[in-house]
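Whatever order the structure lists them in is the order used to number ligands and atoms, beginning at 1. Worth saying up front: this structure is predicted, and the values here are computed from it rather than measured.
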Amino acid sequence: MSGLSRWLADQRAARISGGLERRLVVREETMIDLAGNDYLGLATDPGVIEGAIRAAREYGVGAGASRLVTGNLAIHEQLQAELAEFTKRPAALAFSTGYHANLGAVTALADADTLIVSDAHVHASLVDACRLARGRVEIVGHNDVDAVRVALAHRSEPRALVVVESIYSVLGDAAPLAELAALCVAHDATLLVDEAHAIGVAGEGGRGLAYDIDLAEPERLVVTATMSKALGAQGGVVLADSAVIEHLINTARAFIFDTGLAPPAAGAARAALETLSARPELVTRVRSHAAALAEACGVEPPAGAVLSVPITSPEAAVRARDKLAWEGLRVGCFRPPSVPDRVSRLRITARAALADSDVEHACRILPTIVSEGA
Ligand SMILES: Cc1ncc(COP(=O)(O)O)c(C=O)c1O
């Protein structure tokens, strides 16, 4: 047996004994999905599908090269202009995923002379981005504005980048963006806000929570987002001042050395944006489902579509998830070590496409099972 085989077997045994083995399960359409991120149901919207087909016919199914070689297509430029207009940001740069957008933005903006101040609960893509960047990283407690202030005030680096999510992917709560933006102005820092779980769900017409931040120096705010959640498609974007975008085109390795966003994904995202602008009632619907589910679980209404329901132990969380599955409800289950605060929780998402009867069924079942794990 090779050293690698022995090591793989040991790793697997440790995962199994800790109850932490991950398995790929094919999605069953018979279940009520309270775990996915297709918040507005646009992944299967006929107009969005048509947008993908049109783009495939016009441009092919792949971009064929990095955008800096021959993979930059008119549809990328159109999508970027529309995303920038929708979110009221000066310029945009599309990446092949939201993960790439975060890797590209943070690594390109944080050199060895930049302090990165990161919230403890940011998404793995931002954690990896901080690890890859050349700057020193300070991790601060979740939504701890004072800790951010102290980190910025006592730094020796000339530049600083504060990294947060506007709505946290697992906790479902909102960042204090106005306070953080004010701190960044006071301490000459840049604020990077990942709007992955806010675009399409929160802010005016689903334009996100950074939409309302109006800074005198627009380069202070860098927004990242994904087209793979509420927009139902695939791809990432950085929305920022044009000087920042120009810097990313020249230095973001996750952009330079990656094949351009696939045209059908770009076409789908364009159609999704159009649908979102034309049907703001989708945003109202997902938020009203989220409020109903929150009440059933006995938690505060969330900032977007993600509900975090704390459960007493990892075992109880798994039990609750499995009982809900028996009732036809698929929910997410997060346990240490993938939750930095070590609190096991169910992650429940609201989706506009859920029928009222499905939400009513979920609201009947959730209170008992959640209270058993509370
Ligand atoms: C907060 C956050 N940022 C970024 C990403 C990555 O986006 P994508 O799935 O488009 O790579 C995710 C996806 O789960 C996320 O939750």
Identify all pairs of nitrogen or oxygen atoms, one from ligand 1 and one from the protein, separated by less than 3.5 Å, and list them with distances.
from: ligand 1; atom 1: 3 (N); to: D194; atom 2: OD2; distance (Å): 2.6
from: ligand 1; atom 1: 9 (O); to: S228; atom 2: OG; distance (Å): 3.3
from: ligand 1; atom 1: 10 (O); to: G98; atom 2: N; distance (Å): 2.8
from: ligand 1; atom 1: 10 (O); to: T226; atom 2: OG1; distance (Å): 2.6
from: ligand 1; atom 1: 10 (O); to: S228; atom 2: OG; distance (Å): 3.0
from: ligand 1; atom 1: 11 (O); to: G98; atom 2: N; distance (Å): 3.2
from: ligand 1; atom 1: 11 (O); to: Y99; atom 2: N; distance (Å): 2.9
from: ligand 1; atom 1: 14 (O); to: H123; atom 2: NE2; distance (Å): 3.2
from: ligand 1; atom 1: 14 (O); to: K229; atom 2: NZ; distance (Å): 2.8
from: ligand 1; atom 1: 16 (O); to: H197; atom 2: NE2; distance (Å): 2.7

Those residues at least two apart in sequence (or on a different chain) that pass ring pair (Phe, Tyr, Trp, His ring centres under 6.0 Å) with H121 are H142
E315 and R335 ion-paired at < 4.0 Å
no
So which pairs with a foot in residues 66-77 pass salt bridge (charged side-chain N to carboxylate O under 4.0 Å, His left out), sequence neighbours left out?
R67-E77
Is it true that I49 and M227 fall in one hydrophobic cluster, defined by side-chain heavy atoms closer than 4.5 Å?
no
Would you say the side chains of T114 and E157 form a donor-acceptor pair under 3.5 Å?
no
What residues, two or more places apart in sequence or in another chain, satisfy ring pair (Phe, Tyr, Trp, His ring centres under 6.0 Å) together with H247?
none
